[in-house]
Amino acid sequence: MPVIVVGADTPIGTRLVEHFGGRDREIRAFVTDPEAGLALRRDGIKVAVGDVTDDSHVTGACLNCFSAVLVMEAATDDRLRSFARDFDAVLDSWAAAVRTANVRRVIWVGDAVPPPVPDIEVAVVSPRHPDVVGEVFRLDDSATLD
C-alpha cells in the first residue's frame, strides 16, 4: 500500500522517506523544493513538487495512498506558501486533501493539535519523540491506530 510523506523536504521528512524507501512498498514524497525532489527521484522515490498550501496539489499527490505522513514543520518553515494565511490554514488544507484523496490513515508529525479528519484513522507523533522515525513506521505498520 502506498505511503506519502508531505513535507519530505524537511529534516524529519527526509529521514522518513529514506527509511520508508528501504521497505517493500511504494513511497511518495511531496516537496516544495525542486532540488530536494531531484535528489529523491535519483533514489527511486516518486516525487510531487508543489505548494504545500494548495490542497489540489496535495490531493493529487495523495491519490490511491493508504497512509499519509504529514510533517507539520512544512507548514511553519520558510518555504513559499501561496494559498494559506497561517499554520492552521495549511493544516486544514492538508486535512481536506487527504479526505478528498481517500487516504485511510494519517500520521501527523508535529507538536500542534491537528484538525479533525473524519472517517480516517489518525495518530500524532511528536518530532521530539526519541525515535520519531521508528514510531511513525510502527504506527504505519500496525493493524489499527487505536
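Being a predicted model, the structure only gives us computed values, none of them experimental. Sequence positions, counted from 1, serve as the residue numbers for this chain.
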Straight-line distance of L16 CG to I4 CD1, nearest 0.5 Å: 12.5 Å

Output the distance between atom CZ (R99) and atom CD1 (I120), rounded to the nearest 0.5 Å. 7.0 Å

Donor-acceptor contact below 3.5 Å, side chain H129 vs main chain V125: no

Quick check on D131: does its CG atom have over 12 non-hydrogen neighbours (other residues, nucleotides or ligands) under 6.0 Å away? yes

I'd like to know whether V136 forms a side chain to side chain contact (heavy atoms under 4.5 Å, CB included) with H19, so could you lay out the CA-CA distance, the side-chain angles of the two residues, the decisive distance to 0.1 Å, and finally the verdict. CA-CA 10 Å; V136 169; H19 284 85; over 6 Å; no

Do you know the tightest heavy-atom contact between V47 and R41? O-NH2, 3.1 Å

State, to 0.1 Å, how close L40 and V17 come at their nearest heavy-atom pair, and which atoms those are. CD2-CG1, 3.7 Å

Within the 4.5 Å heavy-atom criterion, are L145 and R105 side-chain neighbours or not? yes

Within this structure, what is the CD1-CG distance for the pair I27 and D43, rounded to the nearest 0.5 Å? 12.0 Å

Keeping E73 on the side-chain end and T10 on the backbone end, is there a donor-acceptor pair under 3.5 Å? no

Measure across A95 and P116 and return the closest heavy-atom pair with its distance rounded to 0.1 Å. CB-O, 4.3 Å

Just list the side-chain donor-acceptor pairs under 3.5 Å for residues 57-71, sequence neighbours left out, or say none.
from, atom 1, to, atom 2, distance (Å)
H57, ND1, D51, N, 3.0
H57, NE2, D54, OD2, 3.3
T59, OG1, D55, O, 2.7
S67, OG, D140, OD1, 2.5

Could you grab the distance from atom CG of D86 to atom OG1 of T53, nearest 0.5 Å is fine? 11.0 Å

Closest contact, heavy atoms only, F87 versus T76: CD1-CG2, 3.1 Å

Hey, mind stepping through L91 and M72 against side chain to side chain contact (heavy atoms under 4.5 Å, CB included) and telling me if it holds? CA-CA 8 Å; L91 299 189; M72 292 186 202; 4.0 Å; yes

I'd like to know if the side chain of W94 reaches the main chain of V52, judged simply by a donor and an acceptor atom lying under 3.5 Å from each other, with no hydrogens or angles considered. yes

Mutual orientation of the aromatic rings belonging to F20 and F137 [parallel < 30°, tilted 30-60°, perpendicular > 60°]: perpendicular

What is the minimum heavy-atom distance between I12 and P127, and which atoms define it? CD1-CB, 3.4 Å

Less than 4.0 Å between a side-chain N and a carboxylate O, is that true for E121 and R104? no

Just jot down the salt bridge (charged side-chain N to carboxylate O under 4.0 Å, His left out) partners of D111, sequence neighbours excluded, or say none. R128

Note, I107 side chain near E135 side chain (heavy atom, < 4.5 Å): no

Can you give me the closest heavy-atom contact between A8 and T14, atom names plus distance? O-OG1, 3.0 Å

